[in-house]
Protein chains: 2
Amino acid sequence: MSGVAEKFARLTPVPAYQMVAEAIEREILSGRLRPGDPIGTEAQLVRQFGVNRSTVREGIRLLEQGGMVQRDSSRRLAVGLPHYDQLATRASRALILHQVTFRELWEATMALSLATIDFAVERATEEEIATLEANIDATEARIDDPAAVAAYDSEFHLLLEKTARNRVLELAREPSNMLIYPTTHVAVQGTEQGARRLVEAHRMLVQALKLRDKELGRLWTKRHLIDWRKGFERGGNDLDQAVDLVTAPAALA
Amino acid sequence: MSGVAEKFARLTPVPAYQMVAEAIEREILSGRLRPGDPIGTEAQLVRQFGVNRSTVREGIRLLEQGGMVQRDSSRRLAVGLPHYDQLATRASRALILHQVTFRELWEATMALSLATIDFAVERATEEEIATLEANIDATEARIDDPAAVAAYDSEFHLLLEKTARNRVLELAREPSNMLIYPTTHVAVQGTEQGARRLVEAHRMLVQALKLRDKELGRLWTKRHLIDWRKGFERGGNDLDQAVDLVTAPAALA
DNA sequence: GGACTATGATTGTCGGACAATCCGACCTAA
DNA sequence: TTAGGTCGGATTGTCCGACAATCATAGTCC
């Protein structure tokens, strides 16, 4: 509210360690350095950038955590290909910090799951269907163990995403997946029927893939998620409560 | 292939700087440290963790880049609330490194946009509609400037997401948004009509919000995105080419 | 040829140092 | 009283040098 217009932008001198990180990142994004390529040793970087080793190391740490650089077996640095769960972990944690509600999570998962099943129905191969069925069988074998059921459920949906063959969608889903599927063990714990309904839904989803029937897939995706919500609420949870580490403890690891 | 069974897992000693980062992160995620709270000074952390300052600093850099800690005005460290575009920037870059195709991007955007318009139709307020209309008017005023049109287009869809009031969806969309909307200026550059069709689509989307008509919203969302695709292809691009920095130069900043 | 060893290179950690900057208390002048 | 100026301590960013542990590699021995 200072009556005068802002004439000067804020000066923000960039620390050297950030410049180091950005310089390396530029090389990677431009394609001159490709995943797997070794970045030089710290001593080399010191010479190239003309800064101290401590500074170089701080710059490297900036990139390390995002997966842009990795340490291979011998701790040597190489360009990394950031994997989804790595990014998704960050995103999940951000969602927790932003105190998003389970309702938001559920709504988004619904929308994304419907898109996933559409593509999966279009593109599923025999092989993928077999893998999914194997997962369902495994789930059934341990149907009395809520934790195991939740783990297999998580895997099932991961496989389904691979079947949809869209990596952008996959990345978009991952954060909410990480928060919602681990709560399945709560959702199926309440009722004896919970786990069986889950398995039935999975079977019908695979059936939809076989028949290439999108409507069937969408129908059971909805039922499946509505079941999750009911179980979640039956477990004494409120859909409008914020996601936290207690209820969705998967974002640790 | 050593005939003996592997009895022990590989020991992977965790570097001290990582332990520092994880310790701080745990405090944040547990809620004991909340966004805005000051983390101690480096000297304090040195005392608490019993490691060297260089080590503490490397640990801090690990967190800094993900937005988990921020430096405030005086460069003092405080717990940060990672913002979406910060995470999305990383995600976009990952998508580039993974060489996802524009087709994947387009498919995912379609699915996510349809979800967004559904929620937006449900929840739009008068005020939000007015803001969106102001954006459209501004677009129209500079309809001959492809770069300006692209910028306003980007903003329009951002506003639409806010209107949908689902932060999980917002976060999920952001990476693809960052890659796809900046290419709009290519898409509308080809034809005189491109920009006008874009404005028309925006008007109809707002109309859908006013009438609370989901079908209308979905219809124009589809048309809008199909227009984008046609423009993109007319610009000499192949939908199956990998996203790169040249075609989608927004991930720099 | 294969197992073993010595050597050098590299990383992780430490200690100390200093300039630049920021914060806060104190002081001065209108 | 309050706006503005001064000063000292605290803090960060950067540098230097050092060393143990580990890894890679070449060379050696059987």
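Note that the coordinates shown come from a computational prediction; the quantities given were computed from them, not determined experimentally. Any value given below was found using the heavy atoms of this structure, including those in side chains, with hydrogens, waters and symmetry copies removed. Residue numbering restarts at 1 for every chain, and letters A, B, ... go by the order of the sequence lines.
Summarising the geometry of A:V46 relative to A:R53, their closest heavy-atom pair is CG2-CA, 3.5 Å, with the distance given to 0.1 Å. The heavy-atom pair separating A:Q86 from A:G67 by the smallest distance is NE2-CA, 3.6 Å.
Counting heavy-atom neighbours within 6.0 Å of B:R34 CZ, excluding the residue itself, gives a total of 12 or less. A 6.0 Å sphere centred on CD of A:E22 holds more than 12 heavy atoms belonging to other residues, nucleotides or ligands.
Whole-Å rounding puts the A:E58 CD to C:dT11 C1' distance at 16 Å. A straight line from CG of A:L77 to P of D:dC23 spans 15 Å, rounded to a whole angstrom. Whole-Å rounding puts the A:D72 CG to C:dT11 P distance at 10 Å.
The cationic group of A:R142 does not satisfy the cation-pi geometry with A:Y152, failing either the under 6.0 Å distance to the six-membered ring centre or the 45° limit from the ring axis.
Each of B:Q65, B:M68, B:E64 was checked for a side chain to side chain contact (heavy atoms under 4.5 Å, CB included) with A:Q65, and the lone residue meeting it is B:Q65.
At a non-hydrogen distance threshold of 4.0 Å, A:P15, A:A16, A:Y17 from residues 15-25 of chain A come into contact with DNA chain D. Near-neighbour residues of DNA chain D inside residues 42-57 of chain A, defined by a heavy atom below 4.0 Å, number-ordered: A:V51, A:N52, A:R53, A:S54, A:T55.
The side chain of B:R76 places no N or O atom within less than 4.0 Å of a non-bridging phosphate oxygen (OP1 or OP2) of C:dT21.
The line from CD1 of A:I24 to CE of A:M19 is 12.5 Å long, rounded to the nearest 0.5 Å.
The side-chain heavy atoms of B:R57 and A:R61, taken from C-beta on, include no pair separated by under 4.5 Å.
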